[in-house]
Amino acid sequence: MKDHFHLAWFLSQGYGPKTWRSQWPGSSSDLKRWMMPDLFIDLARGLDRCCFDYMIIEDSSMVPYTYRGSHDTYLKYAASSPKLDPAVLVSYLAQATRTLGLVPTLSTSEYPPYLAARLINTLDHVTEGRIGWNCVTSSNDGAAENYGHDTQRPHDERYDVADEFAEIVTGLWEAWEPDAVVLDRESPVFADGSKVHPIDYEGKYFKCRGPLNAPRSPQGRVPICQAGGSPRGQAFASRWADTIITNALTVEGMKKFREDVRERAIGWGRDPDGIKVLFLACPIVDSTAEAARERRRLLAEEDGRHLDLNLSGLSRLTNIDFAKFDLDEPLPASLTTNGHQSSLANWIGKTPRALATGNSRQGIEFVGTPDGVAGRMQEIMQEVGGDGFLIFNTYFDRRYVMEICDGLVPELQRRGLVRKAYAHRHLRDNLLEF
Ligand SMILES: Cc1cc2nc3c(=O)[nH]c(=O)nc-3n(C[C@H](O)[C@H](O)[C@H](O)COP(=O)(O)O)c2cc1C
């Protein structure tokens with residue numbers, strides 16, 4: 001494998017309240033004014049300092065009500081709701097950082113493609129090339145109902161829609177040739193019309209004339225991030241993604257996923273090294289391994305006290321009301337979903353209680369001292385062959401940011417596993433650096 005691997009951060013549950021139940025909740029203004037960008041700015045500054053490739057901001061577009069047919073549990077815990085618009089947060093984060101890549105989520109099931117292309121292009125202009133796009137298909141029927149539909153389209157068809165969407169968006173991003181803007185004050189010629197092209201797209205789901213009403217942005221084709229895990233999702237991701245994020249439960253699973261994606265990319269005529277596969281990891285680091293294990297135990301205990309919180313999360317991702325299952329009966333193999341199919345596939349055979357207490361859901365554990373966890377990450381990357389990790393923690397607060405940015409990452413840097421300085425200004429170039 002290559003000497004270095006990549007690091008990114010997953011802002012789980014998006015631009016919403018984060019620390020309000022933590023023992024380290026921040027000041028009272030942090031708590032009440034969760035909608036202000038302060039905590040997220042501190043996070044982004046930490047990641048910029050540690051030279052992370054990017055920070056991705058999760059998003060969804062509804063107050064869910066899948067669990068028990070009611071939104072009460074979600075609102076009680078601020079679980080998946082409220083959430084503010086990630087693209088707005090990005091502009092604040094960009095002001096506060098220098099090089100960190102910023103990746104908002106915009107759903108192909110909700111945006112019209114032209115609007116998405118325009119928003120991302122604008123963000124890439126104002127960040128001078130630091131934007132990525134987390135290109136998702138929405139899965140929860142509650143979101144479909146907010147956009148004029150009764151349910152989401154069938155799972156695989158959502159990716160057919162997304163294919164057309166991505167064709168339009170990337171076409172619009174490249175509709176202005178790189179030298180279309182002339183800026184000749186004498187003639188005058190602001191832009192050369194012969195170098196700006198309509199895309200005249202007509203598909204099954206979308207129609208778009210183009211061109212975009214804005215010039216090519218610094219990265220032109222902005223890096224696309226994707227998390228499709230089902231066979232259809234992987235086919236989509238390996239066609240379009242520059243970085244794929246995924247939750248593999250075992251080292252063998254990680255290796256296989258990465259090999260499959262690379263194989264599929266070759267099938268699309270792509271260089272497999274152009275796709276960086278990052279695996280979710282939720283490290284818990286402390287001064288001693290015992291202290292870290294105790295933290296892990298306390299988190300599981302906390303999960304056990306609020307089973308309804310995690311069951312509501314499982315319900316939201318699958319459109320299946322988990323309240324109907326016996327907590328201690330393994331989920332039957334016959335269960336199907338029109339939601340996150342790859343997630344459900346990982347859960348079959350496990351009990352709702354085990355899933356809700358987190359242990360069987362999160363996959364590989366990274367619990368120990370910074371040195372111990374860094375060593376484990378090193379071993380795993382060597383076995384998998386690359387490309388890196390996507391760090392996240394559902395119990396996210398400033399303390400956690402510090403433990404990663406001032407504890408774990410310096411240890412990874414000391415071992416020569418992650419970068420100590422950015423080599424480039426653009427997200428795409430940093431992704432392709434190694
Ligand atoms: C790390 C990670 C982040 C994700 N972020 C989002 C998100 O922000 N919004 C969203 O609607 N789906 C998100 N998803 C869901 C994926 O887009 C996808 O629907 C899911 O992985 C299931 O894929 P499949 O339908 O191909 O099985 C995320 C998935 C993963 C693993």
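Annotation: cation-pi pair R216/W176 absent, no NZ/CZ under 6.0 Å from the ring centroid and within 45° of its normal. Taking the ring axis of W173 as reference, the NZ or CZ atom of R221 does not stay both within 45° of it and closer than 6.0 Å to the ring centre.
Side-chain contact check for D163 versus F236: some heavy-atom pair is nearer than 4.5 Å. Residues E383 and I380 are not in side-chain contact: their nearest non-hydrogen atoms beyond the backbone lie 4.5 Å or more apart. For the pair Y205 and D160, the minimum side-chain heavy-atom distance is below 4.5 Å.
No side-chain donor-acceptor contact under 3.5 Å links Y54 and N430. Side-chain contact of T108 with Y159: a donor-acceptor pair under 3.5 Å is absent, judged by distance alone. At a cut-off of 3.5 Å, with distance as the only test, a side-chain donor of S138 or S107 sits close to an acceptor on the other residue. With hydrogens and angles left out, the side-chain atoms of D303 and Y395 include a donor and acceptor closer than 3.5 Å. One side chain, N134 or T105, offers a donor N or O that lies under 3.5 Å from an acceptor on the other. If you check the side chains of N140 and T66, you find a donor sitting under 3.5 Å from an acceptor. In the model, S187 has a side-chain atom that pairs as donor or acceptor with a side-chain atom of D184 under 3.5 Å.
Using a 30° and 60° split on the angle between ring planes, F325 and F322 fall in the perpendicular class, above 60°. Between H4 and F434, the ring-plane angle classifies as tilted under the 30° and 60° cut-offs. Between Y15 and F40, the ring planes lie perpendicular to each other; the angle is over 60°, past the 30° to 60° tilted range. Using the six-membered ring where Trp is involved, F165 and F206 have ring planes that are perpendicular, over 60° apart on the 30 and 60° scheme.
Considering E167, R209, K207 as possible partners of Y201, the one that fulfils the side-chain hydrogen bond (donor to acceptor under 3.5 Å, both in side chains) test is E167.
The structure places OG of S230 at 10.0 Å from NE2 of H340, a figure rounded to the nearest 0.5 Å. One finds the CG atom of L102 at 5.0 Å from the OG1 atom of T97 (value rounded to the nearest 0.5 Å). Expressed to the nearest 0.5 Å, how far OG1 of T250 lies from CD1 of I364 amounts to 6.5 Å. Put simply, CG on L432 and CD1 on I275 are 11.0 Å apart, with the number rounded to the nearest 0.5 Å. Atom-to-atom distance recorded for L89:CG and L11:CG is 7.5 Å, nearest 0.5 angstrom.
Between the side chain of K324 and the backbone N or O of I320 there is no donor-acceptor pair closer than 3.5 Å. Under the 3.5 Å distance criterion, the side-chain polar atoms of R49 are left unmatched by any main-chain donor or acceptor of D406. With hydrogens and angles ignored, the 3.5 Å screen pairs a side-chain donor or acceptor of K18 with a backbone N or O of G14.
Counting all heavy atoms, side chain and backbone alike, V63 lies closest to S81 at CG2-OG, 3.4 Å. Counting all heavy atoms, side chain and backbone alike, T19 lies closest to P25 at OG1-O, 3.1 Å. Across all non-hydrogen atoms, the minimal contact from V189 to V182 is O-CB, 3.7 Å. Listed here is the closest heavy atom pair of H6 and D53: ND1-OD2, 2.8 Å. Considering every non-hydrogen atom in both S217 and V222, the closest pair reads OG-CG2, 4.2 Å. K83 and S60 make their closest contact through NZ-OG, 2.7 Å (heavy atoms, listed as atom of the first residue, atom of the second, distance).
For CD of Q95, the number of neighbouring non-hydrogen atoms (other residues, nucleotides, ligands) closer than 6.0 Å is 12 at most. The neighbour count for R270 CZ, taken as heavy atoms of other residues, nucleotides or ligands under 6.0 Å away, is above 12.
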Determine, step by step, whether D179 and K195 satisfy the salt bridge (Lys or Arg N to Asp or Glu O under 4.0 Å) criterion, reporting the C-alpha distance in whole Å, the side-chain angles of both residues, the deciding distance to 0.1 Å, and the verdict. CA-CA 8 Å; D179 57 351; K195 295 185 172 172; 3.0 Å; yes
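One finds a salt bridge joining K256 and D260 here, because a Lys/Arg side-chain nitrogen approaches an Asp/Glu carboxylate oxygen to under 4.0 Å.
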